[in-house]
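Accompanying notes for the structure given below.
Computed from a predicted model, the values in this text were never measured in an experiment. Here is how names work: the chains are called A, B, and so on, in the same order as the sequence lines, proteins then strands, and each is numbered from 1. FYI, side chains are in, hydrogens and waters are out, and symmetry mates aren't considered; it's all heavy atoms of this structure.
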Amino acid sequence: MDSILDKGYEPHEVEKRWYAYWEANNLFAASEDSNRPAYSIVIPPPNVTGVLHMGHALNITLQDILCRYRRLCGDNVLWMPGTDHAGIATQNVVERSLSAQGIDRHQLGREKFVEKVWEWRKTYGSAIINQLKKLGASCDWHRERFTMDEGLSRSVKKVFVQLYEQGLIYRGHYIINWCPRCMTALADLEVEHEAHDGTLYHILYPLSEGEGGPIVATTRPETMLGDTAVAVHPEDDRYAALHGKQLTLPLTGRTIPVICDTYVDRKFGTGALKVTPAHDPNDFEIGRIHSLPSPKVIGDNGIMTEEAGKYQGLDRFACRAAVLKDLEAAGLLIKVESYNHGVGHCYRCHTVVEPNLSKQWFVKTKPLAEKALEAVKSGQAKIVPEKWEGDYYQWMENIRDWCISRQIWWGHQIPAWTCSQCNEIMVALEAPTHCPTCNSSHLIQDPDVLDTWFSSALWPFSTMGWPDETHLLKTFYPTSVLVTGFDILFFWVARMMMMGLRFMDQVPFHDVYIHALVRDENGKKMSKSTGNVIDPIDIIKTYGTDALRFTLTAFAAQGRDIKLSEKRIEGYRNFINKLWNAARFSFMHIQEDHSAAAFSDLSLPDRWILDRMKTVTRQLADALDTYRFNDAAGDLYQFVWHEFCDWYLEFIKPALYGNKGKAEQQSAKNVLWRVLHDTLILLHPIIPFITEEIWDKLPGANGSIMQATFPSFDDTLSPIAFDPDAVEQMTLVMAVINAIRNIRGEMGISPSQALRVLIQSSDEKTRHLIDQNQEFIVNLARLNDLAIAAAGEKPKATATAVADQAVILVYLEGIIDFGKEAARLEKEITKINVELEKLDKKLNNQGFINQAKPEVVDKTKEQRQGYTEKRDKLAVNLEKIKSIQAE
RNA sequence: GGGCGGGUAGCUCAGUUGGGAGAGCAUCGGCCUUACAAGCCGAGGGUCACAGGUUCAAGCCCUGUUCCGCCUACCA
């Protein structure tokens with residue numbers, strides 16, 4: 001019999017064809033005017049410079065599952081796509097490409113450079129979007145947004161101006177984290193701390209008058225050139241004599257004072273602290289209190305400044321070496337000890353970050369954080385898995401002001417102008433023409449741009465047209481859920497909460513689903529430099545998109561990282577192929593539309609699979625509603641492969657081939673059609689392509705599967721029913737088949753050899769059930785004869801098994817090895833005895849009988865009863881085998 | 001320094017109110033049974049990190065120990 005499907009599923013052509021079809025037919029589009037329930041997700045905007053990695057693949061797959069699922073449930077779904085402009089990263093990329101041509105951005109000037117970046121974006125910016133499409137992402141692409149677009153830029157300015165006017169944005173001189181390579185300030189979050197085996201240097205600072213002097217300890221000796229004091233604790237007896245004394249700063253000859261400050265930790269190092277106000281945040285604070293000068297000895301580019309005297313022009317690390325050499329020569333380097341401490345690195349280029357004194361813009365975060373904290377505590381927004389709420393709380397409670405200015409050119413230029421006459425600062429949406437104070441027209445816009453995360457923080461409402469009161473906002477804000485990795489919980493989620501609450505007065509999302517990080521098979525973070533990256537696009541080429549999506553979904557357990565290896569993807573590719581072949585088989589028998597068929601003449605397997613279908617439908621809905629993606633994938637895998645394919649299809653083959661009459665053939669086809677139909681819908685959110693392809697070939701399935709209706713598990717609406725009797729009966733039938741297969745396997749009997757079996761049972765119901773379904777047993781256990789009896793003698797040359805109330809005797813004339821059979825039975829009996837011992841121990845325990853729930857006690861008694869009967873039946877047969885052996 | 005997560009079969013991991021230890025892969029044995037060898041049938045394999053405690057009952061709850069990972073932090 002022919003099938004309309006080819007042998008073996010070939011994903012690539014299929015994926016291309018259906019994605020184009022979906023887009024062409026506008027099936028991803030949200031409606032702004034619909035009375036269906038609204039469901040919305042904004043995409044975590046990937047960097048426009050980005051290349052798709054596994055983290056994106058997981059993130060996109062999970063969102064796509066939710067969106068496709070909600071569409072099947074009848075919701076009006078908006079999945080808002082877009083990218084962010086990734087200020088520092090993009091500027092770095094473009095600078096690098098220019099420098100390959102021998103061009104420095106300063107030669108070009110700001111305006112030309114920004115033009116170049118836009119050009120770059122036009123050429124390469126859609127690359128990541130096209131990759132998202134390869135994953136099957138059903139975003140509403142017509143609404144795609146970019147953080148540097150006109151509309152979003154307007155939102156950014158508006159927010160900046162309002163926060164400034166409300167006193168929540170301020171400008172000031174502070175020590176910030178500075179990347180000397182990117183030449184910009186960084187927020188605290190943008191610094192990655194790494195444990196570093198460094199060195200603690202002990203240096204003698206001689207008294208200007210007299211002998212000796214304090215010894216200070218430092219990990220960064222080059223900063224001593226900028227020291228303006230040595231601080232000791234006022235109550236530290238060791239240094240009481242130094243109070244008010246002057247020191248000669250080595251290598252510079254400058255005179256600096258000894259000051260007293262309780263900040264100094266007497267227990268650390270020598271208890272004497274060198275103070276470098278321009279290059280350390282704590283020293284800056286001490287310097288401010290004691291009115292110390294703060295010379296900058298390290299320049300913004302990491303090169304020593306004029307203030308560093310003869311070290312001017314040296315790189316900061318070269319300077320460190322030089323300073324140490326000179327100190328040693330002068331006999332001032334007293335002690336050198338190894339010391340493990342954290343060193344900050346730039347999260348974009350990994351250069352060692354330098355604390356740097358400069359003028360920056362900050363967001364006052366406390367007032368914003370309070371509301372963001374409250375929103376989660378009160379349940380307005382829910383974080384899943386819940387454990388992340390603790391991290392969120394801790395961060396919000398200890399939040400520090402956010403440095404938002406960056407000294408780069410690519411980004412939203414800060415809408416602040418300074419009057420060059422009177423230094424008045426103006427912050428406004430539009431460029432002012434005159435200074436309101438002195439009326440000068442010499443106004444200079446602040447050259448800095450805003451942190452990219454500042455614009456990302458507005459994403460849930462800026463993408464929907466804010467500050468205008470759009471239909472989109474009314475329909476889809478707050479969004480339903482945000483799906484993202486924990487690595488940007490603070491960078492992004494926390495800040496969206498703050499901004500959303502501030503400007504929309506509502507949380508930006510009801511749920512936040514935090515998913516795992518994808519790692520390599522050894523649990524290492526995938527990175528280009530380690531060379532352990534598995535490229536999703538390569539995987540798609542080899543195994544197909546559906547295989548990748550199913551794998552990621554199956555591994556997306558809450559609260560754990562995903563260790564990915566190709567081996568696993570291969571396994572799930574096999575599942576895709578299995579589904580394909582099941583459909584291929586089905587189509588050999590289904591040639592017409594069975595959608596309207598009423599179920600009648602149902603066989604036991606029919607009734608069973610319909611119950612299972614319904615159960616798995618409910619399980620899937622439960623799993624997706626609670627973001628248990630791995631359960632969703634696992635339940636479907638189990639159902640499709642091990643129930644539908646392994647059992648149901650095998651059971652109904654005789655019926656389908658017409659061996660059991662027209663009525664049963666028709667019934668089997670009706671049920672097969674229904675189960676295939678519903679299963680495709682259940683699978684579609686996870687594996688959209690193959691399900692669409694099969695759906696397309698399924699008679700009576702109209703339109704795209706994207707427009708299908710999720711099967712109901714409400715009994716009153718569903719054409720199929722829960723059927724616990726069928727499940728119970730099938731359990732026995734399958735147990736009988738399993739028992740016979742087990743004997744066949746253990747006794748080493750070829751599958752091609754048909755067997756003769758006698759089933760004895762004193763239970764009439766059991767006999768009846770087996771009799772009713774004997775054709776199924778004969779077929780799947782490969783029997784040539786099945787007899788059923790109430791009781792009787794055990795025939796001589798048989799192997800024995802027990803399934804519930806049934807004793808199964810397999811005739812093995814001529815091939816039985818009695819020794820082998822005796823061993824097999826003994827093994828089985830031993831296993832049962834182990835279980836019985838455990839149960840007896842429980843039941844002999846008065847505490848258990850008296851205190852455990854009665855249903856638990858009853859269940860335990862039943863179990864003991866069952867095991868005892870089974871063991872006794874096997875034991876009787878074992879005795880017989882032994883007596884035969886003895887003959 | 002503070003906080004969080006994890007340690008379950010050879011490997012990767014599930015295990016949702018405490019009540020008979022599971023899956024996938026790998027391994028071993030048997031099969032080209034007309035949807036599928038990317039397959040079918042069968043089998044073996046675990047002191048649930050360690051030590052205590054609560055309980056009639058602990059992989060699950062509590063305490064301590066240990067190992068691994070991550071986040072966070074202004075002690076030079």
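Between the P atom of B/C13 and the CZ atom of A/F629 lies a distance of 20 Å, rounded to the nearest Å. We find that NZ of A/K827 is positioned 5 Å from P of B/G44, with the value rounded to whole Å. Here the C1' atom of nucleotide B/C70 and the CG atom of A/D391 are 10 Å apart, to the nearest Å. Protein atom OH of A/Y657 is 13 Å distant from nucleotide atom P of B/U33, rounded to whole Å. Going from atom CE of A/M588 over to atom C1' of B/C36 covers 10 Å, rounded to whole Å. Here B/G20 presents its C1' atom at 15 Å from CD of A/E855, a figure rounded to the nearest Å. The nearest whole Å value for the distance from the CD1 atom in A/I743 to the P atom in B/C41 is 18 Å. Nucleotide B/C13 holds its P atom 13 Å from the CG atom of A/N630, rounded to whole Å.
Backbone-only contact: A/H642 has heavy atoms under 4.0 Å from sugar-phosphate atoms and none from a base. Within 4.0 Å (heavy atoms only), A/E835 reaches sugar-phosphate atoms of the nucleic acid but no base atom. At a threshold of 4.0 angstrom between heavy atoms, the contacts of A/L189 are confined to the sugar-phosphate backbone, with no base atom among them. Here A/N845 lies in heavy-atom contact (under 4.0 Å) with sugar-phosphate atoms only. Using a 4.0 Å heavy-atom cutoff across all strands shown, A/Y867 reaches at least one base atom of the nucleic acid. Base engagement by A/E650 is indicated by at least one non-hydrogen atom pair under 4.0 Å involving a base atom. Backbone-only contact: A/K838 has heavy atoms under 4.0 Å from sugar-phosphate atoms and none from a base. Here A/D646 lies in heavy-atom contact (under 4.0 Å) with sugar-phosphate atoms only. A/K853 comes within 4.0 angstrom of a nucleotide base, judged by non-hydrogen atoms across all strands. The residue A/K653 sits close to a base: some heavy atom pair falls under 4.0 Å. Counting non-hydrogen atoms under 4.0 angstrom, A/V264 reaches a base of the nucleic acid. A/K831 comes within contact range of the sugar-phosphate backbone alone, with a heavy-atom separation under 4.0 Å but no base atom that close. Contact annotation for A/R782: base contact, defined as any heavy-atom pair under 4.0 Å involving a base atom. Contacts of A/N742 with the nucleic acid, taken as non-hydrogen atoms under 4.0 Å apart, involve only primed sugar atoms and P, OP1 or OP2.
Using a cutoff of 4.0 Å between basic side-chain nitrogens and carboxylate oxygens, A/E855 and A/K859 are not scored as salt-bridged. Between A/E837 and A/K842 there is no salt bridge, since no side-chain N of the basic residue sits under 4.0 Å from a carboxylate O of the acidic one. Here A/R628 pairs with A/D631 in a salt bridge; the nearest charged N to carboxylate O distance falls below 4.0 Å. One finds no salt bridge joining A/D236 and A/R266 here, because no Lys/Arg side-chain nitrogen approaches an Asp/Glu carboxylate oxygen to under 4.0 Å. Salt bridge status for A/K827 with A/E746: present, with a side-chain N to carboxylate O gap under 4.0 Å.
Scanning all heavy atoms of the two residues, the minimum distance from A/A803 to A/I808 falls at CB-CD1, 3.9 Å.
In this structure, A/Y572 and A/F555 have perpendicular ring planes: the angle between them is above 60°, well past the 30° mark. Between A/F362 and A/Y174, the ring-plane angle classifies as perpendicular under the 30° and 60° cut-offs. Note on ring orientation: taking the six-membered ring where Trp is involved, the planes of A/Y637 and A/W641 are tilted (angle from 30° to 60°).
The A/R628 side chain lies nearest to B/U16 when the options are B/U16, B/A35, B/C74. Nearest nucleotide to the A/R573 side chain, out of B/A38, B/G19, B/U12: B/A38. When distances run from any side-chain atom of A/D631 to the nucleotides B/A38, B/A76, B/A14, the shortest one goes to B/A14. Here the side chain of A/L273 is nearest to one of B/A76, B/C25, B/G20, namely B/A76. Ranking B/G39, B/U12, B/A35 by closeness to the A/R584 side chain, first place goes to B/A35. Taking the side chain of A/P751 as heavy atoms from C-beta on, and the options B/A35, B/A73, B/U33, the nearest nucleotide is B/U33.
Side-chain N/O atoms of A/N282 and base N/O atoms of B/C74 include a donor-acceptor pair closer than 3.5 Å. Taking only distance into account, the side chain of A/E746 never meets the base of B/G42 through a donor-acceptor pair shorter than 3.5 Å. Looking at A/Q394, its side chain has no donor and acceptor atom pair within 3.5 Å of the base of B/A73.
No donor-acceptor pair under 3.5 Å is formed between the side chain of A/T228 and the backbone N or O of A/S294. In this structure, A/H341 contributes its side chain and A/A195 its backbone to no donor-acceptor pair below 3.5 Å. Distance alone, capped at 3.5 Å, is enough to place a donor-acceptor pair between the A/D283 side chain and the A/T276 backbone. Checking side-chain atoms of A/N581 against main-chain N and O of A/N577 turns up a donor-acceptor pair under 3.5 Å.
Taking atom P on both B/C60 and B/G5, the two are 16 Å apart, rounded to the nearest angstrom. For the P atom pair drawn from B/A76 and B/G10, the interatomic distance equals 44 Å after rounding to whole Å. For the P atom pair drawn from B/C13 and B/G53, the interatomic distance equals 33 Å after rounding to whole Å. A distance of about 11 Å separates the C1' atoms of B/C67 and B/C50, rounded to the whole Å. Nucleotides B/C62 and B/G6, compared at atom P, are 11 Å apart to the nearest Å.
The phosphate of B/A76 has OP1 or OP2 within less than 4.0 Å of a side-chain N or O from A/Y339. Side-chain nitrogen and oxygen atoms of A/W580 include none within less than 4.0 Å of the OP1 or OP2 phosphate oxygen of B/G39. The phosphate of B/A73 has neither OP1 nor OP2 within less than 4.0 Å of any side-chain N or O from A/N398.
With the nearest nucleotide of RNA chain B identified for both A/K274 and A/Q851, A/Q851 has the one nearer the 5' end. Comparing A/F575 and A/N738 along RNA chain B, the residue whose closest nucleotide (by nearest heavy atom) sits nearer the 5' end is A/F575.
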- prompt: Once Watson-Crick and G-U wobble pairs under 3.5 Å are found, how is RNA chain B written in dot-bracket notation, 5' to 3', with | for any base paired to another strand?
  reply: (((((((..((((.....[..)))).(((((.......))))).....(((((..]....))))))))))))....

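A/F284 has its ring centre no less than 6.0 Å from the ring centre of A/H279.
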Produce the list of close N/O pairs, under 3.5 Å, pairing protein atoms with atoms of nucleotides 26-29 of chain B; give distances to one decimal.
none

